[in-house]
Asker: 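Sharing a structure with you now.
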Amino acid sequence: MEERYHPELVEPKWQAYWKENQLFKVTENPLKEKYYLLEMFPYPSGKIHIGHVRNYTIGDVVVRYKRMKGFNVLHPMGWDAFGMPAENAAIDNNTHPAAWTYENISSMREQLKKMGFSYDWDREIATCRPEYYKWEQWLFLKMLEKKMAYRKESYVNWCEKCQTVLANEQVEQDKCWRCSQTVQQKKLWQWFFKITDYAQDLLVHCDKLPGWPDKVTVMQKNWIGRSVGSELKFKIHGQENNIEVFTTRPDTVFGATFMCLAPEHPLVESLSKGTEKQDEVAAFVQKVSTQERSAEGLEKYEKEGVFTGAFCINPATGEKIPVYTANFVLMGYGTGAIMSVPAGDQRDFDFARKYGLEIRVVVQPKGELFDGNTMDQAYTGEGFLVNSSEFNGLESAKAIDVITDWLEKKGRGKKAVSYRLRDWGISRQRYWGAPIPVVHCPDCGVVPVPETDLPIRLPEDANLLEKGGSPLPYLDSFAKAFCPECGRKDAKRDTDTMDTFVESSWYYLRYCSPRYDEGMFDPKAVKYWAPVDQYIGGVEHAVLHLLYSRYFMRVLHTLGMIDFKEPFTRLLTQGMVCKETMTCPDHGYLFPEEALKDDKGSLVCTKCNKDVAVGRVIKMSKSKKNVVDPNELLEKYGADVTRLFCLFAAPPERDLEWSEDGVEGSNRFVNRVWRLALECLEKIDGFKPFTGAASDLSSEQAKALYIKANQTIQKVTDDIDKSFHFNTAISAVMELVNVLYTIDLDSADAEMKKVILFSLENILLLLSPILPHFCEELFEKFGKTGSILEQSWPEYRKDSLKTDEIIVVVQVNGKLRSKFTIDAGIGEAVIKETALADEKIKKYIGDKEPKKIIVIRKKQTLINIVV
RNA sequence: GCCGAAGUGGUGGAAUUGGUAGACACGCUAGACUUAGGAUCUAGUACCGCGAGGUGUGGAGGUUCAAGUCCUCUCUUCGGUACCA
């Protein structure tokens, strides 16, 4: 009985068994109900981190559970293999993105295999392979043909010194991360997908995703950001052109005392041209071009603007109002111009005060008398119109329609819907991505590459530029092309590559038929497997990846390629894995192994012996060094213990705080079950598990254990099935194990032994999705043949879940004062009587007459006496 | 800034539709076994108080016989914010 569980022997044994018997290989089987479970595929960064381990463990448990429930389960794995880190690593380590990526893939694949995850590895894909991105290029051509893809000019972060485009994360405080040069906004022609065509459909279906967490659909709705309002035309003074604005508050149009254009607005230059403001405006536009134009970045800068020198006509008042350009107006939202109503919008108010512009009150609630000169903030609420000519006195909410209709009759406006959602810019001026399959011809313009030329291969012999730019434009063998239309020899291939979100928007369909070479996927396979029944991944993808995927399915649906629109029926967004940071005064951030306890018990740096400061618990990241290497865990504890801890430490949707002590605890539990099983094996021989009803059992102890075992089956099944709360499922099994530990096997009678055997076998079945290797091994020791995977999930007996007695909780004025046990079938009157007769209760009631007695008989039986 | 979450013992966390706050585990304390233990087993462990008892789910109010759970306000931390994936 000294023997401990030895993962280093047991785990490879069963991994080999599963592989040999191809237990995870699946094919379409119309006789079985399918279940497609998918975890978000990883970026091959080099090593699996704990966040991956957690994500894939959650998925693996559900997969194994569903298999035991009889489903035909698809559970694939692959690699989101294009992306910026490969380029950075290639520059830093003087290697090639492809070499770096493929190496990472093979080491990460080995790690995943050691974790015992039940993937059908025959379906593995890597998005950087031409066989994959060929079909992405194919789809791009289809979208181009259907006008779902188009080109327009838009801005990128540009470092003049490095001559490169920078990602947002490569811009640090307006400076290039490599050379600290101030970053500029540069205008480039880029490709876009017309996701806005589906804005309404994507929005409406947010409410038809019952399997998604509300927080995700709410975020998506807000991201799409539908707003209803009006589009108004402000005639430019002295010209026939108009400036169009979108506003949700046309009721305030009489208060529009100036106009603001985005600095990128095409009219900014032309309006100021030739005026004395020309230079000032140009300088301002230049200044704004060094400012980050993201929603997050906008907040960092002081709101400011300049007068363009031009005026436009307020369509309601007929007044001349000045046209400004301002840094808080975004070209990408609405029309890139706003009518400014300082009395009704805080930003406009601040702007007006700053530049001495008129603040005219047009809406005020009853009983107020706002004055534009003395107000200290804008009034954004509803009220009644003032200073609005014939509309004075009208309720502002009603005025929205009335004024829009009035302006429409004058030809100056109309009702309009605007979305915050912008079209998806997919062009990346990078090397390590899927080439965009078009050619630019001096004569024919943009010409799609013929389908038969696909894939347009990314040349793998290119060397990266030191400063991070893409080598593709300089690589003649790639960039020079014949025009497919006219045959001109000096046409130029598009050297941009696609956003990596494009690959991840459809990979889950590719898994259904990963080697299919006649299209993106085999329609028959997709018909059987898709959509994904359960998708699992980080909550950080709540908007972009998930929205793009939803969009892509709509595109394929429109193209008639699939018959569904929503890719993921159920979604689980798991929390991050966090750990405390440690810093040494001399050496900065420390890895966990670089800080050790000295004899006094305080943490010191292994390099200099100075005291280590323990910092906040934050998401594990290499830069903060608060990481745990799964390889070390595997070596020390094995896969099953690591899996157990990931599941036990927190429910999946919550952040998980890593704790070495907690892992030790999981290890202890695994060994506790191991010893229990071995002891039973030794002492209970020749018996079969009990399977009758609890009432057939003669001893109270056996009955109690049997009920507990049945309750455990119910609890674990519910927790996995309904909420994925594995932590409570595990604690339920722990409770049962604790009960078994209190039983003396040597003195147990035959009946008891049968119930113990029943309990133990079910513990193994219930734990098998979580501790697959461990449970296989014990199952085998108990003389079973085959894999535990092929067993059915246990059923509990409904007639053996409840005990004969219940505990009644007695409260006086809502405070717990006493408890008693009573026969479960007893009536309410008896409960009241018993409670009132209770000595402790009498003390609290005294001689007062109870005002009210409330008896609750739900999960708990409770009686509250109000005096 | 905007959008979305989360705050419960020394720690991670548990608590259908409001109904015994702290399951289960870590840590700690004590005991047992042991040549030894960082193994194992048993017991105890929210806080204050000698006690009766009181107080407790980030903070402040409110609804209710009853609030971790519902409502209002507020603080802190985290995620996303369109070129990290």
Side-chain angles (χ1 to χ4, degrees), chain A residues 1-2 4 40-43 45 80 82-85 88 156-157 165-171 213-216 218-223 225 294-300 328 332 347 420-430 499-501 504 538-545 547-548 573 575-576 578 616-619 645 648-651 653-666 668-669 671-672 675 718 722 725 727-728 730-735 738 741-742 807-811 813-816 819 851-854 856-866:
Chain A
M1 289 302 295
E2 293 301 310
R4 289 179 63 84
M40 290 180 185
F41 64 167
Y43 179 80
S45 56
D80 189 10
F82 275 138
M84 213 173 48
N88 294 334
V156 292
N157 301 314
V165 175
L166 298 175
N168 288 343
E169 79 163 5
Q170 296 175 319
V171 180
D214 286 341
K215 61 170 177 180
V216 176
V218 167
M219 277 191 264
Q220 293 217 345
K221 282 191 221 171
N222 290 330
W223 185 260
S294 66
E296 185 191 6
L298 269 187
E299 303 304 324
K300 294 192 300 206
F328 60 87
R347 276 183 311 191
R420 209 186 71 98
L421 180 70
R422 308 201 297 259
D423 277 337
W424 176 11
I426 59 144
S427 293
R428 295 291 179 271
Q429 295 70 39
R430 292 189 203 296
D499 180 6
T500 57
F501 275 125
S504 57
V539 67
E540 64 272 21
H541 294 289
V543 177
L544 294 179
H545 162 59
L547 191 65
Y548 291 147
T573 50
M576 299 169 305
C578 304
R616 286 185 306 142
V617 175
I618 53 169
K619 179 179 174 170
F645 178 72
F648 182 63
E653 69 278 6
R654 280 258 284 258
D655 287 351
L656 182 154
E657 190 181 326
W658 192 261
S659 130
E660 187 70 23
D661 288 339
V663 186
E664 283 289 351
S666 296
R668 206 175 298 169
F669 172 69
N671 277 291
R672 219 166 130 78
R675 284 190 306 275
D718 281 0
K722 293 185 182 141
H725 280 190
N727 56 334
T728 50
I730 292 163
S731 65
V733 178
M734 284 174 169
E735 284 185 49
N738 289 347
Y741 259 84
T742 64
I807 296 168
V808 180
V809 173
V810 190
Q811 297 180 334
N813 288 337
K815 285 193 174 148
L816 174 71
K819 300 176 198 186
K851 271 191 227 155
K852 207 190 231 182
I853 298 177
I854 293 152
I856 305 293
R857 310 194 70 175
K858 291 186 191 166
K859 189 178 165 191
Q860 285 93 29
T861 303
L862 176 145
I863 172 164
N864 189 10
I865 302 163
V866 188

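Chain naming here is simple, since letters A, B, ... match the order of the sequence lines and numbering starts at 1 in each.
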Asker: Of all the nucleotides listed (B:C83, B:A85, B:A15), which has the minimum atom distance to the side chain of A:T728?
Answerer: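 Nearest to the side-chain atoms of A:T728, counting from C-beta on, is B:A15.
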Asker: Check every atom of B:U20, B:C83, B:A85 against the side chain of A:F501 and return the nucleotide holding the closest atom.
Answerer: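 Of all the options, the side chain of A:F501 is nearest to B:A85.
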Asker: Between A:M734 and A:L166, which residue's closest nucleotide on RNA chain B lies nearer the 5′ terminus?
Answerer: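 Upstream on the strand: A:M734.
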Asker: Below 3.5 Å is the cut-off: list the nitrogen or oxygen pairs between protein and nucleotides 62-70 of chain B, distance only.
Answerer:
unit_1 : atom_1 : unit_2 : atom_2 : d
B:C65  : O2'    : A:N864 : ND2    : 3.3
B:C65  : O2     : A:N864 : ND2    : 2.6

Asker: Just the atom pairs and distances: protein N or O near nucleotides 4-9 of chain B's N or O, under 3.5 Å.
Answerer:
unit_1 : atom_1 : unit_2 : atom_2 : d
B:G7   : OP1    : A:R654 : NH1    : 3.2

Asker: Looking across every strand, which nucleic acid part, if any, lies under 4.0 Å from A:P651 by heavy atom: base, sugar-phosphate, or nothing?
Answerer: sugar-phosphate
Asker: Among the candidates B:G12, B:A85, B:A23, find the nucleotide nearest to the side-chain atoms of A:E540.
Answerer: B:A85
Asker: Could you work out which one of B:A23, B:G13, B:C84 sits closest to the side chain of A:A167?
Answerer: B:C84
Asker: Under 3.5 Å, is there any donor-acceptor pair linking the side chain of A:Q429 to the base of B:C83?
Answerer: yes
Asker: Sort me out a list of protein N/O and nucleotides 40-46 of chain B N/O pairs below 3.5 Å, or just none if empty.
Answerer:
unit_1 : atom_1 : unit_2 : atom_2 : d
B:U40  : O3'    : A:R675 : NH2    : 2.9
B:C41  : OP1    : A:R672 : NH1    : 2.7
B:C41  : OP1    : A:R675 : NH2    : 3.1

Asker: Could you check if the base of B:G80 is syn or anti? Syn means the glycosidic torsion is within 90 degrees of 0.
Answerer: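 That one's anti.
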Asker: If you look at every strand shown and take non-hydrogen atoms under 4.0 Å, does A:A649 touch a base, only sugar-phosphate, or nothing?
Answerer: sugar-phosphate
Asker: Could I get the full list of ring-ring contact (aromatic ring centres under 6.0 Å, His included) partners for A:F648, not counting sequence neighbours?
Answerer: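 Once residues adjacent in sequence are excluded, A:F648 has no partner under the ring-ring contact (aromatic ring centres under 6.0 Å, His included) criterion.
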Asker: Just the dot-bracket of RNA chain B, please: which string comes out with Watson-Crick or G-U pairs under 3.5 Å, [ ] for crossing, | for another strand?
Answerer: (((((((..(((......[....)))((((((.......))))))(((....)))..(((((..]....))))))))))))....
Asker: Tell me every residue that passes salt bridge (Lys or Arg N to Asp or Glu O under 4.0 Å) with A:K819, counting only those two or more places apart in sequence or in another chain.
Answerer: none
Asker: Could you work out which one of B:C78, B:G12, B:C24 sits closest to the side chain of A:M576?
Answerer: B:C78
Asker: So A:Y548 and A:W424, would you call those rings parallel, tilted or perpendicular, with 30° and 60° as cut-offs?
Answerer: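 Answer is parallel, since the angle falls under 30°.
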Asker: What nucleic acid atoms does A:V733 come within less than 4.0 Å of, heavy atoms only: base, sugar-phosphate, or nothing?
Answerer: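 Answer is nothing: A:V733 stays at 4.0 Å or more from every strand.
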Asker: Counting the atoms with a prime plus P, OP1 and OP2 as sugar-phosphate, which does A:V171 contact under 4.0 Å by heavy atoms, base, sugar-phosphate, or nothing?
Answerer: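 It contacts nothing in the nucleic acid.
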